[in-house]
Every structure is written in structure tokens, then in C-alpha cells.
Amino acid sequence: MSEDISAELVLPRERCGELLELVVKKGYRLIGPKLEQGAIVFGPLRGVDDLPEGWTDEQSPGRYRAVRRSDASLFGYAAGPRSLRRFFQLPDVELVVLRRGQDGPRLDYGSGDTRPIALIGARGCDLRALAIQDQVLARGAYPDPRYVARRANTLVIAVQCTEPSGSCFCTSMGAGPRAELGFDLALTEVVDAERHHFVVEVGSERGRELVAELALALAAPRLSSEARERVAGAAARMGRRFEEAAVHDALLANLEHPEWDRLGERCLSCTNCTLVCPTCFCTTSEDRIDLTGDVVERHVRHDSCFSEEFSHLHGGSARASIRSRYRQWLTHKFATWYDQFGSSGCVGCGRCITSCPVGIDVTQEISVIGGEPCKLNP
Amino acid sequence: MLEFERDPWRVESLRVTRVTRETEDTFTIELDAKPRAGFVFQPGQFNMLYAFGVGESAISIAGSADEPERLVHTVRAVGAVTNALAKAKQGERIGVRGPFGHGFPIAEARGKDLLLIAGGIGLAPLRPVILYAIQHRPEFRSVTLIYGARSPKDLLYPRELLSWASRLRLETTVDRAEDDWFGHTGVVTKFIEGALQNPESTVAMMCGPEVMMRFAARELTTLGVPEKSIFVSTERNMKCGVGLCGHCQLGPFLLCRDGPTFSYDRIGPLLSIREL
Amino acid sequence: MQVESLSRALAEHPFVAGLGEPEVSFLAGCTKNQRFGAGEYLFKEGSPADTLFLLRDGRVALESHVPGRGNVKLETLAAGDLLGWSALFDPHSFHLDGRALEATLTFAVDARCLREKMQSDTAFGYALTRRLLYHVHRRLERARLQQLDVYRAGL
């Protein structure tokens with residue numbers, strides 16, 4: 001990453017397509033934002049025309065709406081309901097196929113699609129989430145080789161966030177809005193009546209090669225600082241803030257707080273929060289057997305700690321009540337993740353707040369359960 | 001197909017060499033681990049046993065760590081997978097992944113009194129420790145096993161129990177008995193006080209139902225055994241066995257990765273929090 | 001002479017250990033050694049409870065006869081334990097069987113003698129009551145764990 005503003009470059013809006021084409025030509029699959037079923041979500045992109053030009057979103061607890069912008073911004077929205085998780089840890093992956101044989105079953109191991117991915121429009125929160133998942137799935141004693149294979153050679157063209165939503169709190173989690181690490185290129189969109197430019201920061205040798213091939217011009221210092229102001233403005237507009245460093249101890253000291261009972265009554269255990277969370281990594285494995293009984297596919301698929309079977313032990317569920325499952329989810333994200341993996345499990349993207357059908361706001365709950373040290377907007 | 005080195009999901013298909021029925025619902029399976037050039041493990045570690053087409057279950061290794069070519073598991077048929085494993089016959093194959101997790105820290109007990117407390121199927125994970133202790137008896141000042149079961153017909157390894165009785169101090173007790181039982185009736189905690197000679201230099205290792213371990217740990221600490229010298233084997237529903245799937249969390253721990261054995265000063269406080 | 005050696009042995013029993021010398025010798029005055037052969041009953045359900053037993057050696061099963069199951073063992077007791085608490089409370093009749101599983105040696109304390117002393121000497125009564133309560137507490141604790149039936153399948 002370069003702190004040297006003079007080294008920043010400028011990519012005019014009309015050359016965006018060129019950048020994406022160059023990336024495709026280098027063998028990457030494009031994953032980026034697009035408008036799909038009324039929401040701006042990450043998905044496979046064919047090219048620049050798939051980007052959600054002129055769209056933004058309105059978000060608040062329990063509410064998401066994609067709406068038109070007054071300008072033609074390509075990246076003028078906040079985190080959408082689909083995170084990047086599914087592109088690296090697939091929702092359903094075939095581990096192995098077993099075919100009945102003379103001397104026991106024959107086993108063929110699968111890997112899924114492992115062609116390298118180029119992430120277009122990843123935010124600071126998205127990149128922090130990937131780093132957290134890397135820690136869980138790729139840096140332990142037993143890395144998941146399928147995840148590792150898909151993460152290898154990921155090209156990241158980040159776009160700095162200038163539009164926090166009503167659910168965001170990345171500044172509290174130290175995850176944004178500025179992406180500081182983990183990108184090859186980071187763009188900041190500067191758009192007004194006269195101009196539509198991207199200020200380009202180079203974060204790696206691979207990024208440097210890309211901009212060299214496009215022969216981008218240096219950004220004027222004024223444009224660079226304007227781009228920085230926009231990102232700083234996003235930080236200032238973040239609607240909620242709390243002292244994250246206090247949360248671990250405060251939550252774990254209050255495991256029997258009466259608020260858990262109220263949460264147990266409000267939460268529907270619908271699993272939405274775990275589906276949208278970019279760091280959730282839980283999976284379960286299952287056998288699928290064909291009608292002849294001779295071929296078995298063994299799969300690993302995403303799972304949620306909100307399902308009753310998740311903690312099933314012979315005799316029943318270790319977390320039979322919704323109260324206990326909510327407590328598991330919240331304390332895991334904000335407290336025990338530190339003990340397990342050395343960081344928070346939350347990036348402050350606000351997806352869980354927006355997607356909760358009953359509007360449970362994790363930041364609010366932390367301030368109630370954690371008390372004074374976790375006060376919201378102190 | 002892409003080949004993955006050290007894929008934690010890779011299943012070893014091993015041949016069943018013997019199945020022994022222990023009780024009405026519990027049986028011991030021996031697998032031939034020679035094709036894998038022996039199955040080296042630490043007492044207290046577990047394997048994921050895979051009934052092809054049904055699924056996997058985390059099962060502690062119950063054999064001798066000194067005989068790595070014979071892989072032994074004692075399984076209680078209580079779910080779909082364990083019931084399928086129960087049907088395995090000699091010559092058939094079972095999938096194995098492992099060994100996973102951290103075993104019992106036997107080295108901690110060298111030169112001290114070793115007290116083993118087992119309840120029900122919990123005797124199986126302690127069996128490798130017992131076999132080690134018998135084989136290497138001079139390493140320990142004393143070796144005691146307190147074993148509790150539901151009733152006399154629920155006792156595992158009945159013939160071995162007889163032979164162990166002459167090589168270590170053994171108290172076998174059952175919760176329910178009638179006229180045909182002349183051993184002890186009552187719970188394992190009853191025998192702890194009598195087994196302790198030097199509480200402060202005793203190392204206790206336990207495996208059994210969580211309630212039993214909580215009662216026993218209370219008794220041990222009341223009598224002066226330090227919590228850090230009490231080791232328990234914990235259980236949650238492990239799915240991957242290697243810390244990737246999130247299922248076996250207990251507060252700050254992934255039991256498969258950080259356990260399944262823990263010293264009581266680390267795990268005890270968590271066991272008393274309901275539905276953690 | 002015989003009372004003196006009984007007194008010394010009695011003082012070493014966990015139920016008695018730590019009591020003052022006058023208390024121990026009073027107890028010894030109400031106590032005699034009693035042996036039971038394997039299979040012999042110390043007491044039977046419904047019989048008058050006039051003795052508190054302090055086990056010195058051997059093992060005793062507390063049993064209850066259940067039609068169809070025979071003699072169901074509730075707990076086996078060994079050296080250091082005491083049994084026959086019913087002897088201290090109305091209506092002074094045993095509600096379980098106590099049967100020796102092997103040759104068993106006991107201190108048999110005359111309950112009437114003990115009750116009278118506990119009534120008239122409250123300090124002695126308090127000391128004995130605390131000891132008794134401790135045994136009751138411990139046995140109840142064990143009974144609770146046993147009642148939980150923790151080894152049952154599917155638990």
C-alpha cells in the first residue's frame with residue numbers, strides 16, 4: 001500500500017471497462033457488485049455494464065431497499081446482503097464421491113472451481129472479512145485445501161467506501177471505511193456534474209503491472225485529496241460507534257444478563273444474520289446417496305449456529321433455547337472469536353442488522369448487555 | 001481431480017478385523033492400520049469414523065498406543081452413524097480420519113499418583129491411558145482407576161477389568177444392582193477420598209458424562225487436588241474434527257482443536273454455564 | 001481393659017475422630033463390637049432400630065426388596081461409613097435392609113443410650129448432630145448423582 005499521494009493515478013470512468021477486460025484477459029473470473037432481485041449483491045460479472053450504475057441503497061434495522069441515485073456512480077452503495085464468503089467457501093461443495101467396489105469403496109476427491117477470482121468493488125469491510133476467514137480456514141493447523149485453492153491468486157480491485165449505510169459501524173471495528181491492506185488496486189470514485197474519475201492506489205506488484213499496461217496518468221494532488229476527503233466523510237457519517245476494545249470482557253462478564261432472555265423472545269432463529277455475515281464459517285457435512293445405493297456424494301455445506309441441530313448431542317441439543325443460540329452467535333462474533341482466532345469476528349458491515357426480520361441491532365444489544373464500557377455513541 | 005496434500009477431509013478406508021460386543025448397545029471395532037503403516041496417536045485423541053453413505057462420528061481411540069497397527073474403537077450405538085458402525089462386519093471397511101485433538105498429558109503424572117475416573121462409555125477414551133500405565137507402571141507412584149457404570153451388565157471390558165485389578169488399584173461401582181452383584185453400588189465420587197494419598201501431587205484424568213465429571217471435580221478439589229492437575233475429556237458434536245466447521249464450540253474453545261482434553265481450571269467454569 | 005481398647009479403636013473411626021476424650025469414652029460405654037458374616041443382615045426393613053452401626057471393616061449393602069427385581073442395592077458402604085440412622089429418629093424402625101456382603105466388623109452403638117446423652121448434654125448432642133448431618137449430606141449428594149442416572153443411553 002502506498003501512502004504517497006503523488007504516486008496515485010487516475011482512471012477515467014470511460015476506461016473502467018478496459019480495466020475489467022484486462023483482468024479477464026489475464027485469466028480471472030470477475031466477481032463484483034450488480035443489481036439482482038432488488039438488491040446490490042456480489043456475483044459473477046460479465047463486464048463493466050453489469051455494475052450497478054446509478055444505484056444506491058437505503059438500510060436500517062430490518063430494512064433494505066435499492067434506490068436510484070441522482071448521479072451515475074458505479075459504486076455508490078453500501079454492503080449488500082450477499083457477502084464474498086460464498087465465492088471462497090462455497091455454500092455447498094462436493095468433498096468426495098464414493099463408488100462401491102470389490103475391495104471397499106473407491107474415493108474420488110473433488111475441489112470445485114478453483115480458477116482465480118478477481119474481486120471488483122470489495123470494500124474495507126469485505127477485505128477485513130476475508131482476512132478473518134483466512135485466519136480461520138487457511139492459517140490453522142489444518143487448512144481447508146479447497147478454500148486455500150480458491151483464495152490463491154485472488155486479485156483485489158477494491159473500491160473505497162464513500163457511502164455508509166444506516167446499519168454500518170466499520171469504524172468501530174477498525175475495518176473501514178478505508179481499505180488499508182489486502183488489495184492490488186484500490187479505487188476511490190469521484191463523481192460530480194463535471195467529472196467521473198477513479199483515483200487509483202496501487203497495493204501490490206500485480207496492481208502496478210495492471211496500471212502500467214493501462215498507462216494511467218498520475219492523479220492531480222487536488223483530486224487525490226478530494227478522494228481522501230470523501231472516504232473521511234463516510235467515516236464521519238457512520239451513524240453508530242462504540243468502544244470495541246471493551247466488548248470482549250463486558251459480554252463475557254454478562255452471560256446471564258436479562259437482555260439475553262428478551263433476545264430469546266425476539267429472535268426468530270431464522271439464520272439470516274449468519275447467512276449474510278461475511279465472516280461466518282460454520283459448515284456441516286452430509287452424505288447424499290443415489291437411488292441404487294452404489295454412489296455416495298459427501299458434501300460440506302454452510303450451516304448456522306441458529307439451527308437446533310447445530311449443537312446436537314446424543315439425547316438433544318446443547319443449545320435448545322433460542323436465547324442460548326443468540327448468545328452463542330453474538331458472543332462468538334464479538335468476544336470468543338478473539339480467544340479462538342486472535343481478532344474480532346465482526347467487521348462492522350451491518351449486514352446482520354439490515355437483514356434481521358425483527359430488526360435486532362447488534363450494536364444496540366452490545367451496549368445494553370455490556371453496559372457502560374460498550375455505550376453506543378459515547 | 002486436484003490432489004490436495006494433507007487434506008483434513010481425506011478418508012482412510014480401513015478393514016475391520018474384529019467386532020466385539022461389549023454390552024447391549026456398545027461394541028468394540030478393531031481396524032487393520034497396517035496399510036497406513038500404523039496409526040500413531042496419543043491416549044485421549046479421537047478419530048472421525050465414517051460409515052460410508054451414512055456419515056461420520058467422533059470416536060475416541062480405545063486401543064494401545066504401543067500397538068499402532070491395531071486401531072481400536074469402542075462405540076455406543078446411539079445415533080444413525082453409530083448404529084451403522086454397529087453393523088460393520090469383519091472384512092468390511094470403515095472410513096477413518098485422524099487422529100485429532102489433544103490427548104491426556106500423561107507426562108504430567110510421572111512420579112505422581114495417577115487417578116483415573118471413568119463413567120460409562122467414558123472408560124473407552126481412558127483405556128489407552130490405563131494400558132500405558134500398566135505397561136509403564138514404574139513411571140507412576142500409584143495408579144488407581146475408579147469406574148462407574150449403570151449396572152453390572154453395562155460394564156465394558158469385563159475380562160480386562162479382572163486382569164487390571166491385579167495391576168492397578170481398581171474400584172468398580174454401578175448405579176443399580178440386584179442380588180447377583182457383589183461389587184460396589186453407588187457413584188464414583190464415593191471412592192475418591194479413599195484413593196487419594198497425596199492430593200497435591202495427584203494427577204486425575206476423567207471421562208464420562210458431564211454431570212459425573214462436575215461432581216467428581218468438586219470432590220477432588222475439595223480434597224485438595226489442584227484444578228490444574230485434573231484433566232477431563234469433553235464432548236460436543238464434532239463434525240470436521242479439525243477446527244474448521246465451528247460445531248464443537250464451547251465458549252473460547254473449539255473442543256476438537258483445543259481439546260478434547262482440558263485441565264479443569266480452563267474448562268470447569270465453562271461447564272457450569274448452561275447452554276453455552 | 002476391654003472398654004479402654006474399644007475406646008481407642010473407636011476414637012479412630014472417622015465418625016468419632018476429633019471428639020474429646022470424655023465424649024469418646026462415653027460413646028465407648030454405649031458401644032460394643034459386632035461381627036456379621038457374609039450374607040448376614042445387620043437389620044431388616046421394619047425391624048426396631050435400636051443400633052447405630054459404625055463400619056470398621058467389610059462391606060454392607062443397603063437394599064430394598066422390589067417384587068420382580070429381588071433385593072435392589074441402593075448403595076454399598078464400607079469402613080468409615082455409618083448406617084442405621086433410623087435408630088436416632090421416630091419411629092425407631094429401619095426402612096431398608098442392611099446386609100453384609102462379606103465378613104464385616106462394626107461398632108454397634110446402643111441408640112437409646114446415645115439418644116439420652118444427646119438430649120441431656122447439648123454440647124455433645126450438637127457435636128454428634130453435626131457429624132451425622134455431614135454423613136447425611138454426603139450420602140444425599142451421592143444419591144442425587146445416582147438418581148440422575150447419568151449413564152443412561154441417550155443422555
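Nothing here was measured: the structure is a model prediction, and the numbers come from that model. Quick note on labels: first sequence line is chain A, next is B, and so on, each numbered from 1.
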Asker: Can a salt bridge be assigned to the pair B/K190 and C/D81 using a cut-off of 4.0 Å between side-chain N and carboxylate O?
Answerer: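 Judged by the 4.0 Å cut-off on N to carboxylate O distance, B/K190 and C/D81 do form a salt bridge.
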Asker: Check whether C/R59 gets within reach of chain B through its side chain, its backbone, both or neither, counting any heavy atom under 4.5 Å.
Answerer: side chain
Asker: Heavy-atom pairs under 4.5 Å with chain C: which of B/T26, B/V187, B/I121, B/T173 has the most?
Answerer: B/V187
Asker: Tell me if a side-chain donor or acceptor on C/T76 pairs with a main-chain N or O of B/T185 at a distance below 3.5 Å.
Answerer: yes
Asker: Please state whether the side chain, the backbone, both or neither of C/L74 comes within less than 4.5 Å of a heavy atom of chain B.
Answerer: backbone
Asker: Do the side chain of C/K73 and the main chain of B/E178 share a donor and acceptor less than 3.5 angstrom apart?
Answerer: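 Between the backbone of B/E178 and the side chain of C/K73 there is a qualifying donor-acceptor contact (under 3.5 Å).
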Asker: Do any of residues 91-108 of chain C come closer than 4.5 Å to chain B, heavy atom to heavy atom, and if so which ones, in number order?
Answerer: C/R99, C/L101
Asker: How far does OH of C/Y151 sit from CZ of B/R176, to the nearest 0.5 angstrom?
Answerer: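 That separation rounds to 12.5 Å.
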Asker: Could you please state which residues from residues 132-146 of chain C sit under 4.5 angstrom from chain B, measuring non-hydrogen atom to non-hydrogen atom, sorted by number, or 'none'?
Answerer: C/R138, C/E141, C/R142, C/L145, C/Q146
Asker: So which residues of residues 262-271 of chain B are in contact with chain C at a heavy-atom cut-off of under 4.5 Å?
Answerer: none
Asker: Is it the case that over 12 heavy atoms from other parts of the model lie below 6.0 angstrom from the CZ atom of B/R141?
Answerer: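 Yes, CZ of B/R141 has more than 12 neighbouring heavy atoms, counting only those of other groups under 6.0 Å.
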Asker: Quick check: are there more than 12 heavy atoms from other residues, nucleotides or ligands sitting under 6.0 Å from CD of B/E200?
Answerer: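 For B/E200, atom CD is crowded (more than 12 foreign heavy atoms under 6.0 Å).
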Asker: What part of B/F182 gets within 4.5 angstrom of chain C, counting heavy atoms only: side chain, backbone, both, or neither?
Answerer: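 Answer is both: backbone and side chain atoms of B/F182 are under 4.5 Å from chain C.
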Asker: Would you mind checking which part of B/D25 comes under 4.5 Å of any heavy atom in chain C, side chain (CB onward), backbone (N, CA, C, O), both or neither?
Answerer: side chain
Asker: Between B/R214 and chain C, with a heavy-atom cut-off of 4.5 Å, which part of the residue counts as in contact: side chain, backbone, both or neither?
Answerer: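 When you check distances to chain C, no heavy atom of B/R214 falls under 4.5 Å.
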Asker: Contact part of B/E24 toward chain C, heavy-atom cut-off under 4.5 Å: side chain, backbone, both or neither?
Answerer: neither
Asker: Which residues in residues 148-169 of chain B have any heavy atom lying under 4.5 Å from a heavy atom of chain C?
Answerer: B/G148, B/A149, B/R150
